[in-house]
Amino acid sequence: MRFSQFGLTTLKEVPADAEIVSHKLMLRAGLIRRLASGLFTWMPLGLRVLRKVEKVVREEMDRAGALELLMPAVQPSELWEESGRWDQYGPLLLRMHDRHEREYCFGPTHEEVITDIARRELRSYKQLPVNFYQIQTKFRDEIRPRFGVMRSREFIMKDAYSFDIDHTGLEASYGRMHDAYSAIFERLGLKFRIVDADSGEIGGSRSQEFHVLADSGEDAIAYCDADDYASNIETAATMAPDADRPVPAAELEKFPTPGVKTIDDLCEMLGITPAQTVKTLIVEGTDGPVALILRGDHELNAVKAQKIPGVASPLTMADNATINKATGSEAGSLGPVGMPLPLFFDHAVAGLADFSCGANEAGFHFKGVNFGRDLPEPETFDLRNVVAGDPTPGGTGTLSIARGIEVGHIFQLGTKYSEAMGATVQAPDGRNQVMEMGCYGIGITRIVGAAIEQNHDDDGIIWPGPLAPFDVVLVPINMHRSDEVRDAAETLYAELTDQGHEVLFDDRDARPGVKFADAELVGIPHRLVISDRNLAAGELEYRHRRDAESRNLKREEALKLLKESSVS
RNA sequence: CGGGGCAUGGCGCAGUCUGGUAGCGCAUCUGCUUUGGGAGCAGAGGGUCGGCGGUUCGAAUCCGUCUGCCCCGACCA
């Protein structure tokens, strides 16, 4: 491709709305352009990268025996009513109707459609196992699209769905996808980690996420190198403290705390640490508001809390009016002592003695609070996020926390959809049996952003080889003044293209600095500079995007090097 | 959904407080010079200042309203 004909516009300055590096670089390098909130056009350069991701994903899915098909993006509401998700899914689902006022949605995922296909097409256990996949555009009406392509509303996803006769079969299908996903992210050259996950809206039992590690990731991952444990922080379990509670030493005392609204305020006034306090959060319960009690330095984990019987799901914080009505006090002065609501204590709170908390009277707190005297012995729950240093569930090590970008998610769905939609096949014994399903997603568009988060420097993108939009960039110096340079560049361009290289030929009449800067911004792995200077010696100047320095190579050596690198 | 902020040429911004008919840098086009790390000079094109309504002799600027966008937030108990 000749640069002059590629319609590529790079930017020196970044649009002000870009927050993270990948978003900035994608805009600067001309990969994407924004249309509206969470909606992006993939420009020619960006589309080349997207196709590379698709290629790797497709090859590995095919290798794993999955069958590609393509389902409609627009889906009738009836299917979603069958599965029960038309009412459950909420505002994330973009709904619309046609001229006959029939209701549809733009698919955020395709369990319903594929289950419908399966129940129509699959008759016998002999047709199983089978795994269908597609690479297709989804739409999810995110509350807050951000970070460019990382959390957009319209995005491209590879989604696959397996059907098995029984749970053993499902586990085998799931295992094949687990391995295929690992192979995909290996091939893409990304550093990733597989973690246990919550199955969320999709439902089902076992589920794991594939995270590309990056500090800008929206997810926190808890992991332990001692025993291979890794989990999304949403689901990482905390253990009840096994050490005995200290013996109470203090008397219960109520004291005035004017202006104290936060744990930090309280700590400052008393000269204590947040771990010696308790905070009380009022949330909606299944039967009126309830109180969740956490240690002052711990964070509530909404995913875990909303699974506790008696707590409303999704977790909803009570507003101030509700709090005032239910407690007779106000936010900032709440505590478990004398609280008229159902109390849910976190495990860690039960390990405290002589702690401080609100007194349920505006402007007053308690100190020296103790269980068994001021409060009954608590029943405790897992309510909080794990923190670095917590013991692993296996008990063999302690947890570390890293940040990640979720690029893949695999689920064992079981019979959730097949049961609801009557997807059965005839089993060997002649009876109709509900199929066991798995579903497996990869965020194709998100991978592009994630790859940049992990592979860039101050000058721009550094594409891993398999993702690069071009593998070689030719930079002729002063081509428009030197016939020698022009001839050499044209010949090289033709030759490399013939050899199957994807070459970006910077034939613009621009100064060298401009070309170098663009080549680095765009991140093409191999750069060859053609100039009078090195042409006289029969040489080309070679530099890999990752190298600090360039080196002069004989023309044949350079060609050989490129040939070898494209094989690996 | 709650809170904050922004909206001026393709991009980044100034001008708004204190009303007087729009400016800078980058990008684009022309010419000359320059040519190994985002060139210089000279010139040019391009903006109903997000929409609507109001105040005023006069509105980018003041007032009202709507829309769009960005950031923060379920951590305040």
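Below, read A as the first sequence line, B as the second, and so on, with proteins coming before strands; counting in each chain starts at 1. These values consider heavy atoms only, across backbone and side chains, with no hydrogens, waters or symmetry-generated copies.
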Peer 1: Using atom C1' of each nucleotide, how far apart are B:rG10 and B:rG5 to the nearest Å?
Peer 2: 24 Å

Peer 1: Among A:Asp297, A:Thr277, A:Thr273, find the one that has a side-chain contact (heavy atoms from CB on, under 4.5 Å) with A:Ile263.
Peer 2: A:Thr277

Peer 1: If you find the nucleotide of RNA chain B closest to A:His365 and the one closest to A:Ile477, which residue's nucleotide is nearer the 5' end?
Peer 2: A:Ile477

Peer 1: Mind checking who B:rA74 pairs with, Watson-Crick or G-U wobble, both distances under 3.5 Å?
Peer 2: none

Peer 1: Can A:Asp547 and A:Arg527 be counted as an ion pair, charged N to O under 4.0 angstrom?
Peer 2: no

Peer 1: From B:rG36, B:rG37, B:rA77, pick the nucleotide closest to the side chain of A:Glu520?
Peer 2: B:rG37

Peer 1: Fit a plane to each ring of A:His23 and A:Phe40, take the angle between them on a 0 to 90° scale, and name the class: parallel (under 30°), tilted (30 to 60°) or perpendicular (over 60°).
Peer 2: perpendicular

Peer 1: I want to verify a distance call: between B:rC11, B:rA77, B:rG37, whose nearest atom is closest to the A:Leu334 side chain?
Peer 2: B:rA77

Peer 1: What contact category does A:Val14 fall into here, base, sugar-phosphate, or nothing, at under 4.0 angstrom with non-hydrogen atoms?
Peer 2: sugar-phosphate

Peer 1: Would the A:Phe505 and A:Phe470 ring centres measure less than 6.0 Å apart?
Peer 2: no

Peer 1: How long is the line joining CE of A:Met269 and C1' of B:rA77, in whole Å?
Peer 2: 16 Å

Peer 1: Considering every strand and a 4.0 Å limit on heavy-atom distances, what is the contact class for A:Arg295: base, sugar-phosphate, or nothing?
Peer 2: nothing

Peer 1: Let me know the distance between CZ of A:Arg153 and C1' of B:rC69, rounded to the nearest Å.
Peer 2: 12 Å

Peer 1: Is the base of B:rG38 touched by the side chain of A:Asp518 through a donor-acceptor pair closer than 3.5 angstrom?
Peer 2: yes

Peer 1: One thing to verify: whether A:Arg151 and A:Glu218 come together as a salt bridge, which I'm taking to mean a side-chain N less than 4.0 angstrom from a carboxylate O.
Peer 2: yes

Peer 1: Pull out every residue in residues 378-385 of chain A that has a heavy atom closer than 4.0 Å to any atom of RNA chain B, ordered by number, or say none.
Peer 2: none

Peer 1: Give me the distance, rounded to whole Å, that separates B:rG25 from B:rU21 when you measure between the C1' atoms they each carry.
Peer 2: 24 Å

Peer 1: Provide the distance between the two C1' atoms, one in B:rG9 and one in B:rC24, to the nearest whole Å.
Peer 2: 12 Å

Peer 1: What's the closest nucleotide to the A:Leu281 side chain, out of B:rU35, B:rG12, B:rA77?
Peer 2: B:rA77

Peer 1: Check RNA chain B against residues 539-552 of chain A and give the residues with a non-hydrogen atom under 4.0 Å, in numerical order.
Peer 2: A:Glu541, A:Arg543

Peer 1: Taking atom C1' of B:rC70 as reference, at what distance in whole Å does atom NE2 of A:His23 sit?
Peer 2: 11 Å

Peer 1: Please assess A:Leu352 against A:Val369 for the test side chain to side chain contact (heavy atoms under 4.5 Å, CB included), listing each intermediate value before the final yes or no.
Peer 2: CA-CA 9 Å; A:Leu352 295 176; A:Val369 182; over 6 Å; no

Peer 1: As a quick check of understanding, evaluate salt bridge (Lys or Arg N to Asp or Glu O under 4.0 Å) for A:Lys367 and A:Asp354, giving each step before the final call.
Peer 2: CA-CA 7 Å; A:Lys367 59 184 173 185; A:Asp354 298 334; over 6 Å; no

Peer 1: I'd like the C1' distance from B:rC66 over to B:rA27, given in whole Å.
Peer 2: 33 Å

Peer 1: Going by the angle between their ring planes, with limits at 30° and 60°, are A:Trp80 and A:Tyr89 parallel, tilted or perpendicular?
Peer 2: perpendicular

Peer 1: How close or far is atom C1' of B:rG36 from atom NE2 of A:His480, stated in whole angstroms?
Peer 2: 15 Å

Peer 1: Using the P atom as the point on both nucleotides, what is the distance between B:rU16 and B:rU61, in whole Å?
Peer 2: 12 Å

Peer 1: Could you please name the partner base of B:rA22, counting Watson-Crick and G-U wobble pairs only when both distances are under 3.5 Å?
Peer 2: none

Peer 1: Write down the distance between CZ (A:Arg533) and P (B:rU35), rounded to a whole number of angstrom.
Peer 2: 13 Å

Peer 1: Nearest to the side chain of A:Ser531, heavy atoms from C-beta on, is which of B:rG36, B:rA77, B:rG12?
Peer 2: B:rG36

Peer 1: Please report the distance separating the P of B:rA22 from the corresponding atom of B:rU48, rounded so that it comes out in whole Å.
Peer 2: 13 Å

Peer 1: May I ask you to say what A:Ile263 touches in the nucleic acid, namely base, sugar-phosphate or nothing, with a heavy-atom cut-off under 4.0 Å?
Peer 2: sugar-phosphate

Peer 1: For the base of B:rC11, is there a side-chain donor-acceptor partner from A:Lys12 under 3.5 Å away?
Peer 2: no

Peer 1: Say you pick atom C1' in B:rG31 and the same atom in B:rG23; how far apart are they, in whole Å?
Peer 2: 26 Å

Peer 1: Give a yes or no on whether a salt bridge exists between A:Glu154 and A:Arg140, defined as a side-chain N under 4.0 angstrom from a carboxylate O.
Peer 2: no

Peer 1: If pairing requires Watson-Crick or G-U wobble contacts with both distances under 3.5 Å, which nucleotide is the partner of B:rC6?
Peer 2: B:rG68

Peer 1: Look through every strand shown and name the nucleotide pairing with B:rC41 as Watson-Crick or G-U wobble, where both distances are under 3.5 Å.
Peer 2: B:rG31

Peer 1: Would you mind reading off the distance between A:Asp509 atom CG and B:rA39 atom P, rounded to a whole angstrom?
Peer 2: 13 Å

Peer 1: Say you pick atom C1' in B:rA60 and the same atom in B:rC1; how far apart are they, in whole Å?
Peer 2: 33 Å

Peer 1: Both distances under 3.5 Å, Watson-Crick or G-U wobble: report the partner of B:rU48, or none.
Peer 2: none

Peer 1: Using side-chain contact (heavy atoms from CB on, under 4.5 Å) as the criterion, point out the one residue from A:Glu19, A:Glu453, A:Arg403 that pairs with A:Ser216.
Peer 2: A:Glu453

Peer 1: Just call it for A:Asn534: base, sugar-phosphate, or nothing, with non-hydrogen atoms closer than 4.0 Å on any strand.
Peer 2: base

Peer 1: In terms of the angle between their ring planes, are A:His365 and A:Phe255 parallel, tilted or perpendicular, with boundaries placed at 30° and 60°?
Peer 2: tilted

Peer 1: With both distances under 3.5 angstrom, what nucleotide forms a Watson-Crick or G-U wobble pair with B:rU16?
Peer 2: none

Peer 1: Taking the six-membered ring where the residue is Trp, are the ring centres of A:Tyr542 and A:His526 under 6.0 Å apart?
Peer 2: yes

Peer 1: Within the structure provided, determine whether A:Asn370 and A:Leu252 are in side-chain contact (heavy-atom separation under 4.5 Å).
Peer 2: no

Peer 1: Looking at residues 30-39 of chain A, who's got a heavy atom less than 4.0 Å off RNA chain B?
Peer 2: A:Arg34, A:Ser37

Peer 1: Does A:Lys138 count as lying over the ring of A:Phe155, i.e. NZ or CZ under 6.0 Å from the six-ring centre, within 45 degrees of the axis?
Peer 2: no

Peer 1: Between A:Arg511 and B:rA39, is there a side-chain N or O to OP1/OP2 distance below 4.0 Å?
Peer 2: yes

Peer 1: Just to be sure I understand the rule, does A:Thr9 reach a base, reach only the sugar-phosphate, or reach nothing, if contact means heavy atoms closer than 4.0 Å?
Peer 2: nothing

Peer 1: Where do A:Thr238 and A:Asp382 land on the side-chain hydrogen bond (donor to acceptor under 3.5 Å, both in side chains) test, with the steps shown first?
Peer 2: CA-CA 6 Å; A:Thr238 62; A:Asp382 183 3; 2.7 Å; yes

Peer 1: Which residue, A:Asp17 or A:Gly335, contacts RNA chain B at a nucleotide closer to its 5' end, judged by nearest heavy atom?
Peer 2: A:Asp17

Peer 1: Just call it for A:Arg146: base, sugar-phosphate, or nothing, with non-hydrogen atoms closer than 4.0 Å on any strand.
Peer 2: sugar-phosphate

Peer 1: Both distances below 3.5 Å, Watson-Crick or wobble geometry, any strand: find the nucleotide opposite B:rU56.
Peer 2: none

